[in-house]
Every structure is written in C-alpha cells, then in structure tokens.
A.B. asks: 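Following this message is one structure expressed as structure tokens.
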Amino acid sequence: MSDIAVLKFGGTSVKNVQRLRHVASIVEEKARAQKVIVVVSAMGDTTDRLLHLAKQCCDEPVPEELDVLLSTGEQVTIALLSILLKDLGLKAKSFTGAQIGIKTDDNHSNADILDISSDFILRALADLDVLVVAGFQGVTAGGAITTLGRGGSDTTAVAIAAAVNAASCDIFTDVDGIYNLDPNKHHGAVRYSHISFDDCLELADNGAQVIHPRAVRAARQHRLPVRVRSTFCLNDPGTLIRSA
Ligand code: ADP
Ligand code: ASP
Ligand code: MG
C-alpha cells in the first residue's frame with residue numbers, strides 16, 4: 001500500500017471561493033503527513049448551468065461537444081484550488097482527466113474508465129505534495145474528451161485510489177454519511193457507521209445520490225474501503241464502505 005490519501009470534494013463543498021479555502025485547509029492538513037490526490041467536482045450548480053446553455057442552443061446537443069462543454073466545470077475548480085494550495089506554500093498542480101491519464105471508452109456522456117496511468121501519477125507525486133484532479137472526465141484513445149455520467153467524480157476518486165493502491169479514499173460531501181434513506185427528505189433516516197459494498201451498491205442503484213453506483217462497483221472490485229463524510233464536520237467519521 002502506498003502512503004497516498006485520496007480526497008474527493010463534491011459540488012456543494014466547492015461552490016464558492018470561501019468553501020474552496022475551507023477545502024484547501026483540509027488538504028493542507030492532510031498533506032503534512034501524506035502525499036495527497038484531491039479530486040474535485042464543478043462548483044455548485046455549474047454542470048446544470050452548462051447543460052442549460054447547451055439546451056438553449058438546440059434540443060439535442062451532440063454528445064461529443066456536450067462532453068467538451070461539461071468538462072470545463074471541473075477544470076475551473078482544479079485551477080482555483082491549485083491557486084489556493086500554492087498560495088499556502090504547497091507544491092500543488094492541477095490535472096484534467098486527460099492530463100492525469102484517465103482513458104475511457106467513447107460512450108460520450110456516460111463513459112467507462114478503461115485504464116489509469118498509475119506510473120504517471122506516481123511520477124508526478126514524486127515532485128509534488130498534492131495533485132488536484134478534475135473529476136467526472138477522461139479521454140478516449142482517439143483523444144476526445146469524455147464525461148462519466150452525472151455524479152461521476154466519485155468514480156474518478158475511487159478509480160484513482162485503486163490504481164495507486166492508496167492508503168485511504170475519503171468522499172467529502174454535504175451530509176455526514178450514508179443513511180438508509182435520504183436524510184434531507186426523511187427525518188427518521190438512520191445513518192450507517194459502516195456498510196458493505198453490496199448493501200451500498202443496492203442503495204446507490206436505487207438512486208441514493210450520495211455515491212455513484214460505478215464508484216461503489218469499482219471499490220468492491222478492488223476491495224478498497226471508502227469513507228463518505230461531511231466536509232463541514234471534520235471530526236465525524238461518517239460511514240465506511242467496506243467488505244461485510
Ligand atoms: P456531492 O455534490 O458532494 O457529490 P451529492 O449531491 O451528489 O453530493 O450527494 C449528496 C446528497 O445525497 C445529500 O445531500 C443527500 O440529500 C443525498 N442522498 C440521497 N440518498 C442518500 C442516502 N441514502 N444517504 C445520504 N445522502 C443521501
Ligand atoms: N459535476 C458533475 C455533476 O454535476 C460530476 C459530479 O459532480 O460528480 O454531475
Ligand atoms: Mg455526487
């Protein structure tokens with residue numbers, strides 16, 4: 001196992017510069033002890049806004065160009081977070097999905113990851129404290145930009161963690177873990193301290209947005225424990241997804 005921590009922050013966790021500063025402070029703390037790969041989503045409702053723009057152009061925008069458009073959301077976040085981290089004195093650098101070597105099939109708007117260049121990532125980490133990676137995107141063998149389906153940044157984080165055999169993979173979000181029901185809709189929802197890959201996959205497949213089903217499948221395949229936790233309650237351990 002390598003001493004690398006993978007941290008993923010979703011859209012609400014990075015929705016403005018104030019939140020990005022908070023994320024940068026979490027990354028800074030982690031980077032004191034370990035190499036860090038941080039995967040980020042687009043800021044707030046950016047992806048929805050970009051989609052809306054495309055839909056104003058035509059009813060069915062071509063998927064190839066939609067992917068070029070939607071991937072820009074995450075590109076904004078990696079640049080801003082890297083600027084903040086460098087300002088804190090860390091050796092940090094931003095990487096798009098293509099730059100970090102996330103190879104996908106050509107199923108535009110819902111692509112599957114085929115391969116990740118762990119050699120490239122480990123070489124980059126030799127010189128840097130933090131790699132800041134755009135979630136939700138990759139590149140085909142032919143060089144076309146792809147996206148991984150809505151919520152796909154979770155999949156990026158888990159796939160990278162598996163590729164580099166990371167010591168930990170934490171999905172930071174706006175709830176404090178995985179519940180039996182959406183806690184924002186059901187007052188009596190009960191939180192799991194831990195949950196098996198299979199049970200979590202069932203929740204995800206049934207539409208629990210908190211983690212993407214493909215991310216759970218990738219974690220199960222690689223037997224990689226994944227922690228889902230709150231960006232805003234840092235001493236709360238959240239929910240650990242692991243073998244039963
Ligand atoms: P992020 O932007 O961090 O990826 P998402 O909006 O994709 O966050 O997922 C977090 C949301 O998932 C929560 O705000 C919550 O309303 C919703 N959710 C749905 N089902 C569940 C569940 N079973 N447990 C926890 N959260 C859930
Ligand atoms: N930005 C993308 C979305 O809104 C991917 C993600 O957030 O995981 O679906
Ligand atoms: Mg999500």
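Counting convention: from 1, in listed order, for ligands and their atoms alike. Side chains are part of it too, since the values below use all heavy atoms of this structure and drop only hydrogens, waters and symmetry mates.
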A.B. asks: Answer whether the closest heavy-atom distance between the side chains of Leu51 and Leu66 falls below 4.5 Å.
C.D. replies: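 Yes, their side chains come closer than 4.5 Å.
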A.B. asks: Among Leu81, Thr77, Leu80, which residue satisfies the side chain to side chain contact (heavy atoms under 4.5 Å, CB included) criterion with Val23?
C.D. replies: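 That would be Leu81.
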A.B. asks: Is there a heavy atom in Gly73 that sits closer than 4.0 Å to ligand 2?
C.D. replies: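 It does not, in that no heavy atom of Gly73 comes within the 4.0 Å cut-off of ligand 2.
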A.B. asks: Is the closest basic N to carboxylate O distance between Arg220 and Asp198 below 4.0 Å?
C.D. replies: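 Looking at Arg220 and Asp198, the cut-off is met.
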A.B. asks: Any idea which part of Pro183 is under 4.0 Å from ligand 1, heavy-atom wise: side chain, backbone, both or neither?
C.D. replies: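 Just the side chain.
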A.B. asks: Is atom CD of Gln56 surrounded by more than 12 heavy atoms (other residues, nucleotides or ligands) closer than 6.0 Å?
C.D. replies: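 Atom CD in Gln56 is packed in, count exceeds 12.
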A.B. asks: Do Gly207 and ligand 1 have an N or O pair less than 3.5 Å apart?
C.D. replies: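 For ligand 1, there is no N or O atom that lies under 3.5 Å from one belonging to Gly207.
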A.B. asks: Yes or no on salt bridge (charged side-chain N to carboxylate O under 4.0 Å, His left out) for Asp205 and Arg217, after CA distance, side-chain angles and deciding distance?
C.D. replies: CA-CA 10 Å; Asp205 275 337; Arg217 282 200 173 78; 3.0 Å; yes
A.B. asks: Below 4.0 Å, non-hydrogen atoms only: which portion of Arg191 touches ligand 1? Side chain, backbone, both or neither.
C.D. replies: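 Arg191 to ligand 1: no contact under 4.0 Å from either part.
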A.B. asks: Which atoms of ligand 2 sit under 4.0 Å from any heavy atom of Arg150?
C.D. replies: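 Taking each heavy atom of Arg150 in turn, ligand 2 has 3 (C), 4 (O), 9 (O) under 4.0 Å.
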A.B. asks: Looking only at non-hydrogen atoms, which of Lys8, Glu74, Gln209 approaches atom 1 (N) of ligand 2 most closely?
C.D. replies: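 Considering heavy atoms of Lys8, Glu74, Gln209, the nearest to atom 1 (N) of ligand 2 sits in Glu74.
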A.B. asks: Name the closest protein heavy atom to atom 7 (O) of ligand 1, giving the residue it belongs to and the distance to 0.1 Å.
C.D. replies: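 Its nearest protein heavy-atom neighbour is Gln209 NE2, 3.4 Å.
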A.B. asks: In this structure, would Leu84 and Ile78 fall into the same cluster of hydrophobic residues linked by side-chain contacts under 4.5 Å?
C.D. replies: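 Yes; Ile78 is reachable from Leu84 via cluster members.
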A.B. asks: Which bit of Leu203 is near ligand 1, meaning a heavy atom under 4.0 Å away: side chain, backbone, both or neither?
C.D. replies: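 Contact part for Leu203 vs ligand 1: neither.
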A.B. asks: Between Phe120 and Phe95, what is the ring plane arrangement, given parallel below 30°, perpendicular above 60°, and tilted in between?
C.D. replies: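 Geometry flag for Phe95 against Phe120: perpendicular rings.
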A.B. asks: Which residue owns the protein heavy atom closest to atom 21 (C) of ligand 1, what's the atom, and how far is it?
C.D. replies: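 Closest protein heavy atom to atom 21 (C) of ligand 1: Asp182 CA, 3.6 Å.
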A.B. asks: Would you mind finding which of Ser153, Gly135, Gly10 brings a heavy atom closest to atom 8 (O) of ligand 2?
C.D. replies: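 When every heavy atom of Ser153, Gly135, Gly10 is considered, Ser153 comes closest to atom 8 (O) of ligand 2.
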A.B. asks: State, with a plain yes or no, whether a side-chain heavy atom of Ser71 is found less than 4.5 Å away from one of Thr96.
C.D. replies: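 A side-chain contact is absent here, since even the closest heavy-atom pair is not under 4.5 Å.
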A.B. asks: Need the ligand 2 atom indices (1-based, order shown) with element for anything under 4.0 Å from a heavy-atom of Ser41.
C.D. replies: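 In order of number, 6 (C), 7 (O), 8 (O).
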A.B. asks: With a 4.0 Å cut-off on N to O distance, would you call Asp236 and Arg229 a salt bridge?
C.D. replies: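 No, this pair does not count.
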A.B. asks: Quick one: look up the protein heavy atom nearest atom 4 (O) of ligand 1 and list residue, atom name and how far away it is.
C.D. replies: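 Here the closest protein heavy atom is Lys8 NZ, 3.1 Å.
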A.B. asks: For Gly151, is at least one N or O under 3.5 Å away from an N or O on ligand 2?
C.D. replies: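 The answer is yes, given that Gly151 and ligand 2 share an N or O pair closer than 3.5 Å.
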A.B. asks: Treat each ILVMFWY residue as a node, draw an edge where side-chain heavy atoms are under 4.5 Å apart, and state whether Leu148 and Val133 are in one component.
C.D. replies: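 Both belong to a single hydrophobic cluster.
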A.B. asks: Would you check the N or O atoms of Asn184, main chain and side chain alike, for any that come under 3.5 Å of an N or O of ligand 1?
C.D. replies: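 Between Asn184 and ligand 1 (N or O atoms, distance only) the closest approach is under 3.5 Å.
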A.B. asks: Please report whether ligand 2 has a polar contact with Asp154, defined as an N or O pair separated by less than 3.5 Å (distance criterion only).
C.D. replies: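 Among all N and O atoms of Asp154, none is under 3.5 Å from an N or O of ligand 2.
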A.B. asks: In the structure I gave you, are the side-chain heavy atoms of Lys55 and Pro61 within less than 4.5 Å of one another anywhere?
C.D. replies: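 In short, these two side chains touch, coming nearer than 4.5 Å.
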A.B. asks: Find all atoms of ligand 1 within a distance of less than 4.0 Å from any non-hydrogen atom belonging to Leu181, and give their numbers and elements.
C.D. replies: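 Counting atoms of ligand 1 from 1, those under 4.0 Å from Leu181 are 22 (C), 23 (N).
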A.B. asks: In the protein, what heavy atom is nearest to atom 22 (C) of ligand 1, and what distance, to one decimal place, separates them?
C.D. replies: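 Result for atom 22 (C) of ligand 1: Tyr179 O, 3.7 Å.
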A.B. asks: For atom 1 (P) of ligand 1, which protein heavy atom lies nearest, and how many Å away is it?
C.D. replies: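 The protein heavy atom lying closest is Thr173 OG1, 3.6 Å.
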A.B. asks: Geometry only, no angles: is Asp174 polar-contacting ligand 1 at N/O separations under 3.5 Å?
C.D. replies: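 Yes, at least one N or O pair falls under 3.5 Å.
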A.B. asks: Is a donor on one side and an acceptor on the other found under 3.5 Å between the side chain of Arg191 and the backbone of Thr239?
C.D. replies: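 No; zero donor-acceptor contacts below 3.5 Å.
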A.B. asks: As an exercise, identify every atom of ligand 2 less than 4.0 angstrom from a heavy atom of Gly152.
C.D. replies: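 It comes down to these atoms of ligand 2: 5 (C), 8 (O).
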A.B. asks: Given 3.5 Å as the limit, does a donor-acceptor pair link the side chain of Thr147 with the main chain of Phe136, or not?
C.D. replies: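 No; judged by distance alone, with no hydrogens or angles, the pair does not exist.
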A.B. asks: Can you pull out the closest protein heavy atom to atom 2 (O) of ligand 1? Residue, atom name and distance to 0.1 Å, please.
C.D. replies: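 The answer is Gly11 N, 3.1 Å.
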A.B. asks: Return the option from Thr47, Val210, Val175 holding the heavy atom at the smallest distance from atom 12 (O) of ligand 1.
C.D. replies: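 Considering heavy atoms of Thr47, Val210, Val175, the nearest to atom 12 (O) of ligand 1 sits in Val210.
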